Amino acid sequence: MSGGIQRLVEQDDWQHDVIFARGITPEELGLRMGGPRGSVVSPITDAEAWNMVLDLATDDDDVVRVGAQGGWSFAVEYGLGNGAERLADISRSGAEAVHLAPSVDHPPRMFSYARDGVDVCSFGIGEEVWRWGDQPDLLLPELVAAGVLHSDGAYARPEGESYRDRDRHTLGLIETRFGLSLPRDVWESERLPAFVIA
């Protein structure tokens, strides 16, 4: 998929949590992430969002840029972010939400999926043997088909496989299963509406 999420593993600077939500608008996603109604600032680029975070008075303030791509709303978090903690709430009232975190300071990278207010399935990318949520085996068929796990849930990856190849396989199956995309030019260059979240 052109502009899919697999390319995130190629970015040495992947530092943003990304939340995808289906069934709500980008503005509603920003609100459910804690953005106060009316706090949307003029559309900004990736670089401008980073500058805003650096200019904010405390470490508790974050910036979230929102948009839509491929039938999903998305939010890119700048600062510490709290999308993972709010994922079930983001997915309330029949919505779906996917959270991808680079976990730069504390690997592994993380995947979480929530639907209708319930944390359905989560795991570390590269640590797929440890899955949790209401349906921890939701993606087991895809993980087996991609050669990540055996049907019993044990690792199936070849020894010596690079972490980038390993992570690309997992992100590829998540991308396909949910139909996710976020082209780099949308992420970095397009001016997107933003919320300041305290």
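Please read these numbers as outputs of a predicted model, since none were measured by experiment.
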Determine the interplanar angle of the Tyr155 and Trp130 rings, folded into 0 to 90°, and report it as parallel if under 30°, tilted if 30 to 60°, perpendicular if over 60°. perpendicular
Nearest 0.5 Å, please: how far is CD1 in Ile19 from CG in Leu87? 7.5 Å
Kindly write out the residues that satisfy side-chain hydrogen bond (donor to acceptor under 3.5 Å, both in side chains) with Asp89, not counting sequence neighbours, or none if the list is empty. Arg92
Nearest-0.5 Å distance that lies between atom OG1 in Thr170 and atom CG in Leu139: 9.5 Å
Write out all pairs satisfying ring pair (Phe, Tyr, Trp, His ring centres under 6.0 Å) with one or both partners inside residues 133-154, taking only residues at least two apart or from two chains. none
What heavy-atom pair brings Ser112 and Ser122 nearest, and what distance separates the two atoms? OG-OG, 2.9 Å
Please list, chain by chain and in numerical order, all residues satisfying salt bridge (charged side-chain N to carboxylate O under 4.0 Å, His left out) with Asp165, sequence neighbours excluded. Arg168
Nearest non-hydrogen partners of Ile174 and Leu180, listed with the distance: CG2-CD1, 4.0 Å
Show me the pairs that pass side-chain hydrogen bond (donor to acceptor under 3.5 Å, both in side chains) and involve residues 67-77, at least two apart or across chains. none
Starting from the C-alpha separation in whole Å, work towards a yes-or-no answer on side-chain contact (heavy atoms from CB on, under 4.5 Å) for Leu100 and Phe20. CA-CA 9 Å; Leu100 298 171; Phe20 294 90; 4.1 Å; yes
Glu27 vs Val66, test: side-chain contact (heavy atoms from CB on, under 4.5 Å). Steps then yes/no. CA-CA 7 Å; Glu27 181 180 7; Val66 297; 5.9 Å; no
Just by distance, do the side chain of Glu188 and the backbone of Asp46 share a donor-acceptor pair under 3.5 Å? no
Applying side-chain hydrogen bond (donor to acceptor under 3.5 Å, both in side chains), can you list everything that pairs with Arg166, at least two apart in sequence or on another chain? none
CD/Glu96 to CG/Asp116 distance, rounded to the nearest 0.5 angstrom? 9.5 Å
Minimum-distance pair of heavy atoms, taken over all atoms of Gly71 and Arg22: O-CG, 3.8 Å
Partner residues of Arg115 under the salt bridge (charged side-chain N to carboxylate O under 4.0 Å, His left out) criterion, sequence neighbours left out: none
State, to 0.1 Å, how close Gly67 and Pro26 come at their nearest heavy-atom pair, and which atoms those are. O-CG, 3.3 Å
Taking the side chain as every heavy atom from C-beta outward, state whether Asp17 and Pro102 have any atom pair closer than 4.5 Å. yes
Listed by chain and number, what are the side-chain hydrogen bond (donor to acceptor under 3.5 Å, both in side chains) partners of Glu28, not counting sequence neighbours? Arg32
Heavy-atom closest pair (Val98 atom, Phe111 atom, distance to 0.1 Å) is CG1-CE1, 3.9 Å
Within the side chain of Ser189, is there an N or O that forms a donor-acceptor pair under 3.5 Å with the backbone of Val186? no
Hey, could you give me the CZ/CG distance between Phe123 and Leu138, rounded to the nearest 0.5 Å? 9.0 Å
Name all pairs fulfilling the salt bridge (charged side-chain N to carboxylate O under 4.0 Å, His left out) condition that reach into residues 119-136, sequence neighbours left out, sorted by first residue then second. Glu128-Arg157, Arg131-Asp137
Euclidean distance, Leu173 CG relative to Phe178 CZ, rounded to 0.5 Å: 9.0 Å
side-chain contact (heavy atoms from CB on, under 4.5 Å) against Ala49, all qualifying residues, sequence neighbours excluded: Ile44, Val63, Arg65, Tyr78
Could you tell me which non-hydrogen atom of Ile90 sits nearest to which non-hydrogen atom of Ala97, and how far apart they are? CG2-CB, 3.9 Å
What's the spacing between Leu140 CG and Gln135 CD if we round to 0.5 Å? 12.5 Å
Can you give me every donor-acceptor pair (side chain of residues 190-198, partner residue at least two apart or in another chain, under 3.5 Å) with its distance?
residue: Arg191; atom: NH1; partner: Glu48; partner atom: OE1; Å: 3.2
residue: Arg191; atom: NH1; partner: Glu48; partner atom: OE2; Å: 3.4
residue: Arg191; atom: NH2; partner: Pro43; partner atom: O; Å: 3.4
residue: Arg191; atom: NH2; partner: Glu48; partner atom: OE1; Å: 3.1
residue: Arg191; atom: NH2; partner: Glu48; partner atom: OE2; Å: 3.2

With Ala84, which residues qualify under side-chain contact (heavy atoms from CB on, under 4.5 Å), at least two apart? His99
